[in-house]
Amino acid sequence: MTRDLFEDDAEVRREEGTAAVSSSLPLGPGAVVLRGRALDDAAMLLADLRQQVLARAPWRHMVTPGGFRMSVAMSNCGALGWVADRGGYRYDPRDPDSGRPWPPMPASFARFAAQMAAGAGFDGFAPDACLINRYEPGARLSLHQDRDERDFDQPIVSVSLGLPAVFLFGGATRAHKARRVPLAHGDVVVWGGPARLHHHGVLPLAEGTHPLTGRCRINLTFRKAGPARP
Ligand code: MD6
Ligand code: FE
């Protein structure tokens, strides 16, 4: 059988139905892909997402400060939510669509994120924000830095669910050529320290359907966005 250029060994093992898939792919100092680490928790995370978060803060396409509608649909949970509008990018304690606080972060989310951060060497991670991204085929995220958070000492934990995507991972400046990293259902990227401000993005999602999410990829990114002591 021929394999796609971007398929790695973990992907192959997953397709062949091997139970325990867990390997690590270092992306450089401070950034690592933990392959398949969310597979056991995926159904729970998705159920809690639907029942505890999306029921109160439904998907929406935000508009960038430049006036473009984002192809990725978003929601948030936790004390702070990431928002984009004509005024800029920021963290806001309220959902601008409802005027109410974002839904609390499900206990399963906070627990899982802290476990993954610890597994990558970041002990004591206590996220106060979870940005949830939904990609349908064709949706993409252009190269950006995550720099709206207060404290760059804290890592980001990113969980990929549903359809696979190609993650672009660049460097501290835009000039740095971005590496293409395939992310599959259940993969977790933990990202901090010297990599915390590296540019990254997601290539346009390919067509497909996944048994747990249907025709989309869902990404959860956990952050500590607010001050260390609120
Ligand atoms: C995504 N992720 O994977 C978009 N940011 O859908 C991000 O923008 C991201 O995965 C910071 C750290 C990890 C990420
Ligand atoms: Fe990002």
Side-chain angles (χ1 to χ4, degrees), residues 6 24-35 37-38 42 45-46 49 59 61-62 64 70-76 78 80-84 89-91 109 112-113 116-117 119-122 125 127-172 174 176 178-206 208 210 213 215-225:
F6 297 133
S24 294
L25 171 70
L27 295 178
V32 63
V33 182
L34 305 172
R35 293 287 185 207
R37 220 61 67 90
L45 294 170
L46 286 166
L49 173 65
W59 297 121
H61 292 270
M62 297 187 192
T64 66
M70 297 183 75
S71 61
V72 177
M74 296 180 172
S75 184
N76 287 282
L80 291 169
W82 186 87
V83 297
Y89 303 111
R90 65 182 178 281
Y91 281 95
F109 278 33
F112 183 76
M116 293 300 116
F122 297 97
F125 180 54
D128 58 8
C130 177
L131 169 64
I132 305 135
N133 295 321
R134 184 194 66 191
Y135 298 73
E136 290 180 328
R140 61 190 287 268
L141 198 61
S142 52
L143 275 183
H144 65 277
Q145 293 172 292
D146 288 21
R147 57 175 180 200
D148 300 317
E149 301 75 25
R150 290 266 189 105
D151 181 359
F152 298 143
D153 290 343
Q154 293 293 318
I156 294 178
V157 172
S158 165
V159 183
S160 292
L161 299 168
L163 290 178
V166 177
F167 192 56
L168 294 173
F169 184 70
R174 272 183 188 282
H176 193 111
R179 166 175 175 186
R180 295 174 173 217
V181 183
L183 293 179
H185 175 71
D187 287 347
V188 177
V189 186
V190 182
W191 172 301
R196 181 62 181 73
L197 290 173
H198 283 198
H199 290 77
H200 56 279
V202 177
L203 287 183
L205 201 79
H210 187 277
T213 62
R215 194 169 165 264
C216 70
R217 167 177 185 260
I218 293 176
N219 173 255
L220 315 176
T221 57
F222 295 93
R223 298 101 188 275
K224 173 74 182 137

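Indexing begins at 1, ligand by ligand and atom by atom, following the structure's order. Just so you know, these numbers use all the heavy atoms, side chains as well, and skip hydrogens, waters and symmetry mates.
At the shortest separation from atom 2 (N) of ligand 1 among protein heavy atoms lies Asn219 OD1, 3.7 Å. Protein heavy atom closest to atom 11 (C) of ligand 1, with residue, atom name and distance, is Asp146 OD2, 2.9 Å.
Each of the following atoms of ligand 1 lies closer than 4.0 Å to a heavy atom of Tyr135: 1 (C), 4 (C), 6 (O). Annotation for ligand 1: atoms under 4.0 Å from non-hydrogen atoms of Arg217 are 1 (C), 3 (O), 6 (O). Of all atoms in ligand 1, numbered sequentially from 1 with element shown, those under 4.0 Å from a heavy atom of Val202 are 1 (C), 3 (O), 4 (C), 6 (O). Here is the list of ligand 1 atoms found below 4.0 Å of a heavy atom in His200: 5 (N), 7 (C), 8 (O), 9 (C), 11 (C). Every atom of ligand 1 with a heavy atom of His144 under 4.0 Å away is listed here by number and element: 8 (O).
Using a cut-off of 4.0 Å between Lys/Arg side-chain N and Asp/Glu carboxylate O, Asp151 and Lys224 are scored as not salt-bridged. The existence of a salt bridge linking Arg196 and Glu149 is confirmed by a sub-4.0 Å separation between a basic side-chain nitrogen and an acidic carboxylate oxygen. The pair Asp187-Arg37 does not count as a salt bridge, with every side-chain nitrogen at least 4.0 angstrom from each carboxylate oxygen.
No hydrogens or angles considered: a donor-acceptor pair under 3.5 Å links the side chains of Trp82 and Asp148.
When only interatomic distances are considered, the shortest N/O to N/O separation between Trp191 and ligand 1 does not fall below 3.5 Å. For ligand 1, one of its N or O atoms has an N or O atom of Ser158 under 3.5 Å away.
Between Arg134 and Val72, every side-chain heavy-atom pair lies at or beyond the 4.5 Å cut-off. Put simply, the side chain of Ile156 does not reach to within 4.5 Å of the side chain of Val190, judged on heavy atoms.
For Asp146, the N, O or S atom closest to the Fe ion (ligand 2) goes by the atom name OD1. The name of the N, O or S atom in His144 nearest to the Fe ion (ligand 2) is NE2.
Proximity of the aromatic rings of His200 and Trp191 is defined here by a centroid distance below 6.0 angstrom, and this criterion is met. For His185 and His210, the distance between ring centers is under 6.0 angstrom.
Contact annotation: for Leu141 versus ligand 1, heavy atoms closer than 4.0 Å belong to the side chain alone.
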